[in-house]
Each structure stands twice: as C-alpha cells, then as structure tokens.
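Order of listing sets the numbers, starting from 1, for every ligand and every atom in it.
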Amino acid sequence: MSTVAQGQTAPFAGTLDVLSRILPANLLKPRVAIVCGSGLSTLASSLRDVVEVPYSSLEGFGKSTVEGHRSALAFGLIGEGKGIPVVAMLGRFHPYEGHSLSTVVYPIRVLARLGVRDIIITNAAGALNPNLDVGTIVSIQDHLALPNLTGFNPLLGPARPNYPRFLPLSTAYSRPLRRLVFLAAHALGLPRDALAEGTYAWVSGPTYETPAEGRYMRAAGADVIGMSTVPEVLAAREEGVNVCVLSLVTNKVVIPEYESVREAVEAELAGRTVEQAPEAELSHEEVLSVGQQKAGVMKALVAKLIELIAAEQ
Ligand SMILES: O=P(O)(O)O[C@H]1O[C@H](CO)[C@@H](O)[C@H]1O
Ligand SMILES: Nc1nc2[nH]cnc2c(=O)[nH]1
C-alpha cells in the first residue's frame, strides 16, 4: 500500500478496480457520502447491508492513527425499500498525523469518482462562540483557514486539465443542503438550540489553542475550531461534489480572562487571600467521550438529511 505524495499521479484506477471487485452492484455507486469525525464512526450504524472495506486494501489510502477513527470505508443502504446507497469514511486523515495533503484528500477524490454527488462531512470541534454549548451541532456556512491562506493548501500544484485553476469558495457550503439540514432537524423535532449555524476555523494542530489563539480566532469571526474538514471541503468542491459540514461541539475553547500573578503575589505578601479560578485543560479523551455521548442526535440528523436529499431527486 502506498499513499499519495504531493504532485504524484493518484492511483485511482487500482483503487476503483478493487472496489468494483468487492462490492455488490447496488452498493457500487453511492449517491451520498459521510465522513465520520472523531468519536463519530457510529454515524454509519444507520446503514444496512453493510460491506466494510479496510483502507489497507485500497491503494493510495493512508492509515488513520488517531484514537476514535477507524481505517475503513463502509458501504450500505439507508431508508426503506431499495434504499439509498451511501458510503461512510469511518476514519479520516489529518495532516498532523504526518499525512500529505494529497493523502488527506485522496478518499474524497475516490468517492467523487464512484459517483457521490453530496458529501456530509462531520467533525468534533471546540466552541469559540460563547453561545454554543457542548453537544450543539453546528451547520457550517463558511470557513476561516489560515493554513490555506499561507501556503498549506491541498490544491497547490500544477494546473490540471478539467479542473479550475482558481477555485471559488464563496458558495462552498451548499445552501440547498443547509436548508435540508434545518428541515431534517424540524422533522426530527429537535429543540431549536440543538442546531446552530456558524463558521469553522481550520488549524493544523496537533496542539490545542492557547487562550490568546482562541481569542484571536474568535475575533477573526470563527464560531468553532478544529484540525480537519477544510482540505476535504476543497477537494470535494474541486471535484464538483456538493458539501454539507456538521460540527459537533465537544468542548468550549478555554479563553479565561488573565489573572495577574503580580497582583496575587502582592496580595499574598500583604496577607490577603485572592480567589483563583481553577485552571482547565482539554484532552482528546474528553473530545471522544462527548462525541460518543452525543453521537445519537448527529446520527439521526444525518440519516434524516440523507432521506431528504434522496427525496429531492
Ligand atoms: O476533526 P475531527 O477529525 O473530528 O477531530 C477533532 O478532534 C481531534 C482533537 O481532539 C482533532 O483531530 C480535531 O480535528
Ligand atoms: N483545534 C481544536 N480542535 C478540536 N477538536 C475538538 N475540540 C477542539 C478544540 O478545542 N480545538
């Protein structure tokens, strides 16, 4: 198995050939794809007649090394009767794992070649907007990607025939799909504050934000922040696939007011006691645990959304 280096010709033919030999005809042309974020691979448990294909059997795919991500595609059906053919990525690749941006987006390009027209990309994210509580699902309407703006962009490279040189992103997050997200929430009877709208900030990670970085990204206009998704969005749009992104808020980004240590010491020397707020630290275990606890609502929303997408055909 080899992954895709920047600038290398992608091994699409080999990957698609393996899939065409493994999959039954009714699963080979998925209409919709789901990318499962950290702790969210149970989103695929809405699928029936599932065939799982490990990434290790697919040329060009990497191995997902982050806890809460599996390394397999799950093909299956959603809905009654004949069902809607769907494919789920049970784990994704992040640049911080050491994967090239070409490897990060290679599965998206394969999904497009299988015939996927709409992709639902999910992630676990930290809330920068103080009005977003843990457990809220955010329908992403825009992104803020400092890495893309400063030379770390999966679309860097020589111009290729049939691809736009300058991909516009002002309508990257499909309005028709975002409309269906809110209709799906309504159909499920979700409370109004279970679903919000906002802007996703992409950072490379793997460090979580310092308080100053959190304040900076909030001031720049982002509502949630994470280390994935945006490269996938760019590749999907370049391939002509409609994009919907749903972020699950797993934590609030810690942005405490600074407490002056000087004042605390001066008070201590003067024999006064000063209340100090406990210091909080985020961990991936916390992200995963919230993801797993709250995955049920996300799963119901994604399944209903897929039914609505299929009904619009
Ligand atoms: O975006 P997903 O893959 O859901 O994972 C999120 O959770 C991890 C950090 O806890 C990071 O990878 C971040 O991007
Ligand atoms: N960068 C970043 N990624 C996350 N993924 C889940 N929570 C967070 C967070 O607070 N910050």
Is there side-chain contact between L195 and T136, with heavy atoms separated by less than 4.5 Å? no
Report yes if some heavy atom in the side chain of P95 is under 4.5 Å from a heavy atom in the side chain of W202; otherwise report no. yes
Part of N123 within contact of ligand 1 (heavy atoms, under 4.0 Å): both
Which ligand 1 atoms does G37 reach within 4.0 Å, using its non-hydrogen atoms? 4 (O)
Near V287 (heavy-atom distance under 4.0 Å), the atoms of ligand 1 are 7 (O), 10 (O)
Those atoms of ligand 1 less than 4.0 Å from some heavy atom in S38: 2 (P), 3 (O), 4 (O), 5 (O), 6 (C), 7 (O), 8 (C)
So between E232, R92, H284, whose heavy atom ends up nearest atom 8 (C) of ligand 1? H284
For Y208, the ligand 1 atoms with a heavy-atom partner under 4.0 Å come out as 9 (C), 10 (O)
Heavy atoms only: give me the nearest A184-L308 pair and the separation to one decimal. N-CD1, 3.6 Å
R192 CZ: over 12 foreign heavy atoms closer than 6.0 Å: no
Crowded around E67 CD? As in, over 12 foreign heavy atoms under 6.0 Å? no
Among E67, E286, M227, closest by heavy atom to atom 13 (C) of ligand 1 is M227
I'd like to check which ligand 1 atoms, numbered from 1 as shown, lie under 4.0 Å from a non-hydrogen atom of H69. 3 (O)
Who pairs with E312 by side chain to side chain contact (heavy atoms under 4.5 Å, CB included), at least two apart in sequence or on another chain? R179, L180
Give the residues near ligand 2 by chain and number, with the criterion being a heavy-atom distance under 4.0 Å. A124, A125, G126, V203, Y208, E209, I225, G226, M227, T250, N251, V253, L282, V287
Residue, atom and distance of the protein heavy atom nearest atom 3 (O) of ligand 1 read H94 NE2, 2.7 Å
Ignoring hydrogens, what is the shortest heavy-atom contact between V181 and C244? Give both atom names and the distance. CG2-SG, 3.6 Å
May I ask you to decide whether E232 forms a salt bridge with R109, counting only side-chain N to carboxylate O separations under 4.0 Å? no
Suppose we measure from atom 1 (O) of ligand 1 to each protein heavy atom; which comes out shortest, and what is that distance? S228 OG, 2.5 Å
Would you call E239 and R113 a salt bridge, using N to O less than 4.0 angstrom? yes
Could you tell me which atoms of ligand 1, counted from 1 in the order shown, lie closer than 4.0 angstrom to a heavy atom of Y96? 11 (C), 12 (O)
Going by an N to O cut-off under 4.0 Å, is there a salt bridge joining E266 and R272? no
List the atom of L28, the atom of L114, and the distance in Å for their closest heavy-atom pair. O-CD2, 3.8 Å
